[in-house]
Structures are given as C-alpha cells and as structure tokens.
Amino acid sequence: MPTNRTFTMIKPDAVQDGHSGAIIKMIEEAGFRIVALKKTQLTPERAGEFYAVHKERPFYNDLCKYMSSGPIVPMILEKDNGVADFRALIGATNPANADEGTIRKLFAKSIEANAIHGSDSDENAEIEGNFFFAHIEQF
Ligand code: IDP
Ligand code: MG
C-alpha cells in the first residue's frame with residue numbers, strides 16, 4: 001500500500017490522566033510519522049460538528065460533552081496503509097473488546113472515554129485533519 005495519511009486525537013480522559021507521551025511513543029514506534037500535532041480544546045459545538053455523522057445516535061450529546069470536557073491532542077499521521085494500520089493499533093471502540101497491546105486496551109476507561117480517535121477512511125482522514133489543521137500552510 002502507498003504511504004497515506006490518517007488523523008487521530010488523544011481524547012480528554014487520556015490527556016487528563018497524563019498518557020499523551022506514552023501514546024505518542026507507541027504511535028511513533030509503530031512506524032507513523034507525525035505530520036502535524038497540537039494541544040487544544042473543543043467547544044461542545046465544535047465537538048458536535050466533528051461528530052455530526054453520529055448525531056442521531058443515543059450517545060451523541062454525552063459524546064459532545066465528554067469530547068469538550070478537557071484538552072485533546074489532535075495529530076495528522078503518515079504511514080504506508082496508515083488508516084487501517086492505525087485502526088489496528090488503537091483497537092476496538094469498546095476497550096472490553098480491544099486486543100491486548102492496543103492503545104485502547106491499555107488506556108481506555110469505557111466505550112465512550114476510549115482514549116483515542118482514528119479515522120475510518122482516507123477521505124475522512126483528510127476531512128478530519130483539515131478540521132483541526134487547515135490554517136497551517138504546509139503539512
Ligand atoms: P470509533 O471511534 O471506534 O470509530 P465510532 O462508532 O465512530 O467509534 O464512535 C465514535 C465515538 O463515539 C467512539 O470512539 C466513542 O467515544 C463514542 N461511542 C461509540 N459508541 C458508543 C456507545 O455505544 N456509547 C457511548 N459512546 C460511544
Ligand atoms: Mg469512527
């Protein structure tokens with residue numbers, strides 16, 4: 001597979017618990033190059049925009065509240081087969097179902113507070129990366 005980009009963010013629970021460094025280390029050791037990175041915080045409205053695809057789901061309001069509850073660390077990453085390889089590195093949405101050694105197995109607290117996001121397609125990776133980093137001239 002050619003090199004491609006994915007988008008991730010370390011979620012408020014993992015940042016609050018001081019796991020950002022350990023998670024970034026796992027990401028780099030798995031062969032991802034960090035293209036862009038920052039620490040920021042979403043408003044509930046911005047979180048709602050990011051997760052608009054889930055707005056009919058019962059967990060949507062709670063998710064927006066949780067995702068705006070503290071700082072996050074969004075990143076654009078690059079690697080061969082980046083989207084799929086990153087989903088494998090983070091593990092299943094529900095940490096109870098996540099494989100041993102995955103980021104969610106190690107750091108997630110619950111199906112909602114599950115430590116980290118990973119894009120599900122090349123197309124969404126580009127949209128999500130632009131959501132946070134469109135103002136950067138070159139990345
Ligand atoms: P993903 O992050 O593994 O792609 P999605 O189904 O896209 O999972 O859901 C987006 C986020 O919404 C999840 O990462 C998690 O934080 C939250 N979420 C998903 N399903 C549930 C649920 O059943 N209850 C509460 N929160 C959920
Ligand atoms: Mg998803």
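Counting starts at 1 for both ligands and their atoms, following the listed order. Along the sequence shown, the residues carry numbers beginning at 1. Just so it is clear, the structure is predicted and the values come from calculations on it, not from any experiment.
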Colleague: For Y51, does the six-membered ring have the charged nitrogen or CZ of R46 within the cation-pi criterion, i.e. under 6.0 angstrom from the centroid and within 45° of the normal?
Modeller: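 The answer is no, since R46 fails at least one limit relative to Y51.
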Colleague: Got the residues with a heavy atom under 4.0 Å of ligand 1, by chain and number?
Modeller: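 The 4.0 Å shell around ligand 1 contains K11, Y51, H54, F59, L63, R87, T93, R104, I111, E112, N114.
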Colleague: What residues form a side-chain hydrogen bond (donor to acceptor under 3.5 Å, both in side chains) with E29, not counting sequence neighbours?
Modeller: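 Partners of E29 under the side-chain hydrogen bond (donor to acceptor under 3.5 Å, both in side chains) test: K25.
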Colleague: Check whether any side-chain heavy atom of I116 sits under 4.5 Å from a side-chain heavy atom of I23, and report yes or no.
Modeller: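 Side-chain contact under 4.5 Å: yes.
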Colleague: Show the atom names and distances, to 0.1 Å, of all donor-acceptor pairs under 3.5 Å that link a side chain in residues 56-67 to residues at least two apart or in another chain.
Modeller:
| residue | atom | partner | partner atom | Å |
| --- | --- | --- | --- | --- |
| R57 | NH1 | H54 | ND1 | 3.0 |
| Y60 | OH | G48 | O | 2.9 |
| Y66 | OH | D13 | OD1 | 2.3 |

Colleague: Looking at R104 and D99, is there a salt bridge between them, counting it only when a charged N and a carboxylate O are closer than 4.0 Å?
Modeller: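 The answer is no: the pair does not qualify as a salt bridge.
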Colleague: Got a sec, which residues hit side-chain contact (heavy atoms from CB on, under 4.5 Å) with T40, two or more places apart in sequence or on another chain?
Modeller: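 Listed in chain order: K38, I72, P74, F132.
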